[in-house]
Amino acid sequence: MNFLLIIINIIIFLLVAPLFEGVVRKITAKVQSRKGPPVIQPYFDIFKLLGKENLSPGNWTFRFAPIMALGSILAAIAFLPFGHHVTALTGYADIITVIYLLTFGGVAVLLGALSSRNIYAAIGASREMVTMIMVEPVLAMTFILGAVRVKSLSLDLTIFHVSEQGYIISVALMLVLYLAALQAFVGKQPFDLAEAETEIIEGPFIEYSGPNLAMFKLYLMLKQLFYAALFVSVFIPFHFGIYFLDVPVQILEILVIYVFIALIGSTNPRVRIDQAVKYYSVLIAGALLAVGLSVYGI
């Protein structure tokens, strides 16, 4: 059954990620007094791109970057105990594995952008690099806080037992910080600095088209769903102990997080890169404080 959960979880993510992206677009349109596209529009976008021609500058890095990015997030999903049930691979992973896979996806975006030799892509890549350096530590600190509490780097123990042992000050603080960093994690306004359509025209993805662009778009959707699912698993561990009940409940919880993402993104203008760096610095300082408090059981 645990082996089957890997396939089921990946299928659920592939089906739900575009749908929830459509929900975000719809909410954004409503807030801005527009009709907006249908919620299933992301599916149409992906299938349309899959039927288009791939344009490439002729180097292997550019061609393989989308595969690397999509593969990294699918691997992370395979390890994630979605629905509060471990898969056959969860026991073979620790928090370092997940951080590595998520970082690897970002590195794939950087490599693809830089290999395109486009100035806008290079600007987007530089912004993506700043975001990775300044925001990923918040994710790492979330895992480290869990590791301190359970005295283990095991993925299932770290995820399940951060809040189940009680919402002490350090856990509550990290919950707030994770939510504050969520927009940057998923690249939504006001922290969509790497793509910034009105400034650098999709940034790292400007030279991509066809199936390669479809893979990157799907990677971004899956990444957004992964971070939302991780938040729910760590900080809202409500479950019945039955997989086919826990999955729908967790999906509904994730939908609430998506509504939060949509409302924040649709009501806040994009920040400048220097403003973003200052904001990220505050998040890192707060995350370090939360870990320090957890060491003393506070």
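Along the sequence shown, residues carry numbers from 1.
The heavy-atom pair separating A65 from G112 by the smallest distance is CB-CA, 3.6 Å. Residues A287 and L177 share a closest heavy-atom pair of N-CD1, 3.2 Å. Taking both residues in full, the closest heavy atoms of M221 and P42 are given as CE-CB, 3.8 Å, listed atom of the first, atom of the second, then distance. Across all non-hydrogen atoms, the minimal contact from T131 to A184 is CG2-O, 4.0 Å. In this structure, A113 and A125 approach most closely via the heavy-atom pair CB-CB, 3.8 Å.
Without hydrogens or angle criteria, S209 side chain to E53 main chain gives a donor-acceptor distance under 3.5 Å. No donor-acceptor distance shorter than 3.5 angstrom exists from the side chain of K48 to the backbone of G210, with no hydrogens or angles considered. Under a 3.5 Å cut-off, the side chain of N212 and the backbone N or O of Y208 do not form any donor-acceptor pair. The main-chain N or O of I133 is never found under 3.5 Å from a side-chain atom of E136 such that the two would form a donor-acceptor pair.
Both F244 and V232 are assigned to one and the same hydrophobic cluster, defined by single-linkage of ILVMFWY side chains at heavy-atom distances under 4.5 Å. By the criterion of side-chain heavy atoms lying less than 4.5 angstrom apart, applied directly or through intervening Ile, Leu, Val, Met, Phe, Trp or Tyr residues, V282 is not grouped with L289; the two fall into different hydrophobic clusters. L252 and V259 fall into different hydrophobic clusters, defined by Ile, Leu, Val, Met, Phe, Trp and Tyr side-chain heavy atoms under 4.5 Å apart, directly or through other members. Cluster membership for V256 and F185, using ILVMFWY side-chain heavy atoms within less than 4.5 angstrom, is not shared. Note on L101: it clusters hydrophobically with L230, by side-chain heavy-atom contacts below 4.5 Å among ILVMFWY residues.
Here the straight-line distance linking atom CD1 of I254 with atom OG of S233 works out to 7.0 Å at 0.5 Å rounding. Of the inter-residue distances, the one linking F64 atom CZ with I67 atom CD1 reads 5.5 Å to the nearest 0.5 angstrom. Atom CD1 of I206 and atom OG of S116 lie 8.0 Å apart (nearest 0.5 Å). In this structure, OH on Y219 lies 11.0 Å from CZ on F226, to the nearest 0.5 angstrom. If you take CZ on R25 and OG on S266, they are separated by 14.5 Å, rounding to the nearest 0.5 Å. Interatomic distance, N54 CG to M215 CE, rounded to the nearest 0.5 Å: 7.0 Å.
Judged as a side chain to side chain donor-acceptor pair (under 3.5 Å), the pairs with a partner in residues 95-115 (not counting sequence neighbours) are, in order, D94-T97. Sorted by first and then second residue, the ring-ring contact (aromatic ring centres under 6.0 Å, His included) pairs with a member in residues 20-49 read F20-Y258; sequence neighbours excluded. Residue pairs meeting the side chain to side chain donor-acceptor pair (under 3.5 Å) criterion with at least one partner in residues 11-22, sequence neighbours excluded, are E21-K188, E21-Q224.
Annotation: side-chain contact (heavy atoms from CB on, under 4.5 Å) contacts of Y279 (sequence neighbours excluded): A180, F191, L283. Taking T267 as the reference, nothing meets the side chain to side chain donor-acceptor pair (under 3.5 Å) condition, with sequence neighbours excluded. Shown here are the side-chain contact (heavy atoms from CB on, under 4.5 Å) partners of L111, two or more places apart in sequence or in another chain: T61, M68, V107. Residues passing the ring pair (Phe, Tyr, Trp, His ring centres under 6.0 Å) test with F231 are Y178, F235, sequence neighbours excluded. For T90, the side chain to side chain donor-acceptor pair (under 3.5 Å) partners two or more places apart in sequence, or in a different chain, are T87. Applying the side chain to side chain donor-acceptor pair (under 3.5 Å) rule to N9 yields the partners Y243; only residues at least two apart in sequence or on another chain are considered. In this structure, the side chain to side chain donor-acceptor pair (under 3.5 Å) partners of Q41, at least two apart in sequence or on a different chain, are D45. Scored by the side-chain contact (heavy atoms from CB on, under 4.5 Å) test, V291 finds M141, I144, L145, M174, S294 as partners (sequence neighbours excluded).
Other residues, nucleotides and ligands contribute only 12 or fewer heavy atoms inside 6.0 Å of the CD1 atom of I169.
With contacts defined as side-chain heavy-atom distances shorter than 4.5 Å, the pair I257/Y227 does not qualify. With a 4.5 Å cut-off on side-chain heavy atoms, L49 and F216 do not count as touching. At a threshold of 4.5 Å between non-hydrogen side-chain atoms, the residues P190 and I264 count as touching. The closest side-chain heavy-atom distance from L5 to F82 is not below 4.5 Å. In this structure, the side chains of L225 and I77 stay at 4.5 Å or more apart for every pair of heavy atoms.
Membership of the apolar cluster around I11 extends to I7, L15, as traced through chained side-chain contacts below 4.5 Å between ILVMFWY residues.
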Pair M132, M129 - check side-chain contact (heavy atoms from CB on, under 4.5 Å), show working. CA-CA 5 Å; M132 287 175 55; M129 189 180 302; 5.6 Å; no
Test ring-ring contact (aromatic ring centres under 6.0 Å, His included) applied to F79 and Y92, step by step: CA-CA 8 Å; F79 288 116; Y92 295 97; 8.6 Å; no
Before you tell me yes or no, could you show the steps for T28 and L263 under side-chain contact (heavy atoms from CB on, under 4.5 Å), namely the whole-Å CA-CA distance, both residues' side-chain angles and the distance that decides it to 0.1 Å? CA-CA 7 Å; T28 301; L263 292 176; over 6 Å; no
Given the rule in the side-chain contact (heavy atoms from CB on, under 4.5 Å) test, do V247 and I8 qualify, once you have shown the distances and angles that lead to the verdict? CA-CA 11 Å; V247 168; I8 294 175; over 6 Å; no
Run I284 and L288 through side-chain contact (heavy atoms from CB on, under 4.5 Å) and show every step you take. CA-CA 6 Å; I284 292 175; L288 287 171; 4.2 Å; yes
